[in-house]
Amino acid sequence: MCGITGWASFHHDARTQAPVIEAMTATLTPRGPDAGGVWLGEHAAIGHRRLAVIDLAGGVQPMTDRPDRPATVLSYSGEVYNHHELRAELRGRGHHFRTRSDTEVVLRAYAEWGADLADHLEGMFAFAVWDERAQRLLLVRDRLGVKPLFWAAVDGGLAFASEPKALFAHPEIRPRVDADGLREAYGLLFNTGPTVWSGVREVEPGGLLVLDRDGIRERCYWQLEADVHDDNRDTAVERIRELVGTASRSQLEAEVPLCSLLSGGIDSTVLTALLADELRLREGPDARIRSYAVDYSDQAEQFTGDVLRTGHDTPYAAEAGAFIGTDHSTVVLDPRALLDPGHRKAVVVARDSPIGVGDMDTSLYLLFGEIRKHSAVALSGEAADEVFGGYPWFHNQKALDAATFPWLLVTGDEAAMPLNPELDLRMGEFREDAYRSALAAVPHSADETPAEHRQREMQHLSLTRWLRQLLHRKDRLSMAQGLEVRVPYCDHRLVEYAFATPWALKSFDGREKSLLRAAGAGLAPDAVLHRPKNHYPATHHPDYNRGLQDLARDALSTDEVRALADEARIKPCLDTPPDRLEWGHRLRLERVVDLALWLDHYQPELAL
């Protein structure tokens with residue numbers, strides 16, 4: 001895993017701009033703590049920071065196809081899990097390799113297939129190819145958007161980067177926020193393409209962008225389809241177990257210590273069990289995979305259920321680890337450490353955004369920091385809820401009937417920081433327009449009923465919007481600690497199969513994630529297999545709430561925050577006794593604090 005950046009411009013000679021590309025690359029050092037490099041040509045500058053995972057000696061970047069007079073230059077982030085198979089195919093087509101890295105496989109794949117190489121890659125990736133002969137820049141992002149890739153126009157071309165902060169090191173790109181950016185950030189709709197930053201866009205998941213002398217062109221090379229599905233229940237369960245197993249096994253490759261994130265839920269437990277079984281096959285019956293969970297020092301005594309959490313994770317994670325036979329550890333965090341200004345600022349800077357989930361982001365950042373002391377790669381159960389129908393909105397008739405994004409019924413305006421009404425952002429109209437556009441993108445099947453199509457809409461919204469902000473969170477907070485997180489449930493073959501599966505099969509036992517539960521039989525304790533959905537844990541300590549209220553008061557003492565925030569709607573959250581502060585109101589305070597940190601760090605131009 002790595003950080004990539006650079007630009008291409010047909011109006012200027014990039015060879016005179018070494019300090020600029022070096023500054024852009026330096027901002028991504030946390031993503032790639034092991035090495036860095038830059039390449040300069042007449043019309044392009046390419047930078048790279050490396051977290052070495054495969055072929056530690058040979059995978060140096062930016063990578064060129066010829067050491068003497070390169071025609072193609074690659075800066076690549078991610079993992080291509082089928083690189084061994086592609087290497088063999090490309091050798092059969094006459095290509096020669098200097099390294100064992102998957103990076104060189106991508107480079108040779110471009111030489112063979114050009115922009116169509118994306119169709120041949122399986123994995124998570126974001127990369128840039130500068131073709132010197134064609135005078136063309138190609139940007140490519142993986143199908144589900146696991147790895148980030150941003151771009152912005154510059155004179156005569158465009159600049160790109162894994163994170164917006166690298167773009168801001170370019171002299172033509174400044175941090176600027178307008179009304180559209182605030183709507184994107186605080187609408188909680190998770191559009192892809194536009195961002196909070198004016199002029200900064202994402203390459204679409206499953207998309208690519210080409211820049212040449214004719215201009216900029218974008219296209220999708222992959223999207224979800226309403227494929228025909230004729231498998232019966234037994235066949236579907238077997239196929240799911242096969243697909244999850246294949247994805248898990250393919251993602252075990254690493255030349256650095258590797259571990260699993262084990263929360264005690266069905267998603268991470270089934271994944272960890274499959275990983276543990278494969279590791280024992282490869283290394284012997286005594287091999288044990290390391291697994292990690294997170295908890296808070298007050299949780300056993302202070303836990304209280306809320307709209308997202310039904311129980312305490314730690315006992316289930318410990319039971320799952322013992323059942324599977326992992327080397328299990330629980331990272332226990334002091335709730336008061338989550339208030340530390342240094343930690344909170346690090347999280348906001350990692351995200352490049354004022355929008356997050358407060359203590360849950362900070363705790364994840366601290367968890368990844370502890371894991372990085374022992375492992376450089378972790379595997380996560382992220383995306384199983386989206387793939388298998390795990391969220392309440394799949395099963396709640398009120399959510400199914402609502403003409404809006406289903407998560408807004410859970411988070412809504414109670415969890416969103418209310419913005420100053422004088423800004424007149426017309427958020428309701430923005431959400432309605434975005435919802436119509438999102439539904440228009442959902443594929444139809446000729447033989448599905450309206451109820452079946454509604455479930456397809458729910459899954460499409462979850463996979464193309466809700467999941468993307470979770471993947472963004474996991475990538476940015478893990479890479480800020482120099483940790484690579486892999487997500488096997490995002491394997492596109494698994495996602496395609498599950499998306500095509502009729503809802504009746506996905507919920508055949510009357511519960512969430514029926515197919516995964518059936519496929520995971522024997523891989524997890526019964527208590528875990530049949531446990532209700534539980535979200536990432538949050539601290540419940542009144543001292544944390546009290547400290548958060550103090551931080552929010554400090555944030556509201558600044559003119560910049562007061563200009564954006566609706567003080568009248570925030571004040572009741574400040575006046576509530578700490579032990580009675582509800583989850584949604586607490587999250588509102590979290591976002592006030594994050595807004596203040598974000599404004600202070602980036603000093604953005606506000607064009608409102």
Side-chain angles (χ1 to χ4, degrees), residues 81-82 119-123 142-146 205-206 220-250 266-267 270-271 274 381-397 399-400 406 438-468 487-523 529 533:
Y81 302 122
N82 64 330
D119 296 323
H120 299 264
L121 307 180
E122 298 171 6
D142 67 68
R143 294 168 179 83
L144 273 295
V146 180
C220 288
Y221 66 87
W222 181 87
Q223 58 188 353
L224 289 166
E225 303 288 351
D227 295 330
V228 175
H229 189 287
D230 295 324
D231 292 347
N232 60 28
R233 181 192 300 180
D234 290 343
T235 302
V237 169
E238 183 59 33
R239 182 64 175 146
I240 290 295
R241 184 157 181 163
E242 175 188 331
L243 287 167
V244 174
T246 298
S248 303
R249 288 190 296 273
S250 71
I266 182 176
D267 314 339
V270 169
L271 172 62
L274 291 168
E382 199 78 83
D385 286 304
E386 291 79 5
V387 171
F388 296 108
Y391 290 117
W393 55 71
F394 288 102
H395 310 273
N396 182 292
Q397 195 60 46
L400 291 169
L439 291 189
V442 180
H444 287 256
S445 176
D447 58 351
E448 64 187 2
T449 67
E452 289 170 335
H453 184 68
R454 182 55 176 159
Q455 288 290 357
R456 190 184 298 280
E457 288 178 337
M458 286 294 197
Q459 191 170 20
H460 197 274
L461 293 172
S462 299
L463 285 165
T464 60
R465 288 176 178 262
W466 180 258
L467 175 61
R468 289 177 183 176
V487 281
Y489 289 115
C490 284
D491 184 286
H492 72 278
R493 295 159 299 184
L494 171 63
V495 172
E496 289 170 348
Y497 183 83
F499 186 71
T501 304
W503 179 250
L505 268 182
K506 291 194 186 84
S507 58
F508 68 79
D509 62 0
R511 292 193 56 192
E512 75 285 353
K513 292 185 280 196
S514 305
L515 285 174
L516 182 60
R517 184 175 299 103
L523 296 174
L529 274 178
K533 164 69 182 170

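- Without hydrogens or angle criteria, Arg143 side chain to His492 main chain gives no donor-acceptor distance under 3.5 Å.
- Remark: side-chain polar atoms of Asn82 are paired, donor with acceptor, to backbone N or O of His120 under 3.5 angstrom.
- Considering OG of Ser248 and OH of Tyr489, their distance stands at 6.5 Å, rounded to 0.5 Å.
- Counting heavy atoms from C-beta outward, Arg249 and Leu274 have side chains that stay 4.5 Å or more apart.
- Looking only at distances, a side-chain donor or acceptor of Glu452 sits under 3.5 Å from a matching main-chain atom of Thr449.
- Leu463 pairs with exactly one of Met458, Arg468, Glu386 by the side chain to side chain contact (heavy atoms under 4.5 Å, CB included) rule, that one being Glu386.
- Taken to the nearest 0.5 Å, the CG atom of Asp231 stands 3.5 Å off from the OH atom of Tyr497.
- With hydrogens and angles disregarded, no donor-acceptor distance shorter than 3.5 Å links the side chain of Arg456 to the backbone of Glu448.
- A donor-acceptor pair is defined here as one N or O able to donate and one able to accept, closer than 3.5 Å; no such pair exists between the side chain of Thr246 and the backbone of Leu243.
- Screening Gln455, Glu512, Gln459 for a side-chain hydrogen bond (donor to acceptor under 3.5 Å, both in side chains) with Lys506, the sole residue that qualifies is Gln459.
- By the 4.0 Å N-to-carboxylate-O rule, Arg241 lies too far from Glu238 to be salt-bridged with it.
- Between His395 and Trp503, the two ring planes are tilted [angle within 30° to 60°].
- Salt bridge annotation for Arg493-Asp491: present, with a cationic side-chain nitrogen under 4.0 angstrom from a carboxylate oxygen.
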